[in-house]
Amino acid sequence: MELRQIQTFVAVTQTKSFTKAAEYLGYSQSAVTVQIRLLESELNTKLFDRMGKGIGLTAQGRQFLDYANKIVMEMNRAKHFMRLERELYAPLHIGTLESLCFSKLPQILFYFRENHPRVPVQITTATPKELIEMMENNRLDLIYILDRSRHSSSWNKVLEIEEPIVFVASARSDLAKHRKITMGELQDRPFFLTERNENYRRELDHFLESKGMEITPFLEISNTEFIIKMIERDRGISYLPRFAVKESVDEGRLSILDVPEFQKSLYRQIFYHTNKWKTPEMEEFIRLAGRG
């Protein structure tokens with residue numbers, strides 16, 4: 001009797017479906033069916049009644065479920081104990097964007113410093129295209145990007161969280177007093193933007209092009225922290241992820257502008273290459289990033 005057979009049995013009882021259990025476990029439906037048959041064969045009993053498209057536990061199945069739940073619970077406790085006991089020490093190389101680097105990474109790095117001080121962390125910032133290339137050439141352990149939802153058979157996606165992109169101005173700006181603003185009202189204002197052809201700047205340019213409009217930025221720079229500092233001093237307008245400006249907005253230095261005709265979100269995503277073994281250090285970073 002194998003642990004995965006017991007885990008599959010528990011998943012089927014929880015989802016009440018071989019198909020849903022397969023989706024939850026990441027197996028094919030045929031694999032789930034085979035594992036249940038092997039388990040029934042070893043126990044020499046029938047665990048499920050098949051009734052049309054539905055299934056239900058037999059009396060023996062209900063009895064075995066008590067044992068199965070205890071086995072899975074004890075195994076999870078053992079895994080948790082081993083994780084707590086294991087000291088992390090392997091190097092961790094993360095590729096990310098400027099905006100994520102200063103908005104999302106400090107709290108994660110602080111946690112690593114306090115709880116895993118032996119882990120040497122290296123951060124590389126670049127564009128999504130450059131980061132993907134580095135990941136595919138095994139020069140990065142993980143990439144943490146903000147972009148359209150991306151997929152590839154050669155990548156493992158382990159995080160995807162939707163993030164709104166917003167227009168912002170100084171809280172002292174006359175625009176901060178407007179309830180709703182059109183793109184036409186913004187077009188001739190001084191813009192401080194990230195570099196062309198990358199993630200949220202690309203989405204803005206595509207929208208403007210579709211409307212026959214154009215913005216000539218006063219400044220283009222990859223450093224979002226610098227852009228935020230300039231905007232806070234009432235130097236113009238920018239278009240940035242809401243998470244990047246949240247602190248400035250909460251503290252009353254920036255205002256988010258309501259521009260109904262252009263509402264856009266991208267996705268915070270973490271990937272690693274399918275040929276790369278996911279180390280405990282990578283797993284810990286992923287867990288922390290998923291908390292916000």
Query - Sole residue of E220, E98, E195 in salt bridge (Lys or Arg N to Asp or Glu O under 4.0 Å) with R201 - result: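 The passing option is E220.
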Between [Y] and [X], is there a side-chain heavy-atom distance shorter than 4.5 Å?
X: S153; Y: T274; result: no
X: M135; Y: R139; result: no
X: T45; Y: F64; result: no
X: L240; Y: T224; result: yes
X: S170; Y: R253; result: no
X: I55; Y: S17; result: no
X: V12; Y: V10; result: no

Under 3.5 Å, side chain of [X] to main-chain N/O of [Y], donor-acceptor pair present?
X: R235; Y: R233; result: yes
X: Q269; Y: R148; result: yes
X: N156; Y: F271; result: no
X: T58; Y: K46; result: yes

Report task. Using a strict cut-off of less than 4.0 Å between a Lys/Arg side-chain nitrogen and an Asp/Glu carboxylate oxygen, indicate whether E284 and R287 qualify as a salt bridge. Result ->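 Here E284 pairs with R287 in a salt bridge, since their nearest N and O are under 4.0 Å apart.
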Query raised in the report: Are the aromatic rings of F192 and F226 close, with centres under 6.0 Å apart?
Result: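 For F192 and F226, the ring centres are not under 6.0 Å apart.
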Report task. Quick one: sort the F167 and F191 rings into parallel, tilted or perpendicular, breaks at 30° and 60°. Result ->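 Ring orientation, 0 to 90° scale: perpendicular.
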Query raised in the report: So does E214 have more than 12 non-hydrogen atoms from other groups sitting under 6.0 Å from CD?
Result: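 Atom CD in E214 is not packed in, count stays at 12 or less.
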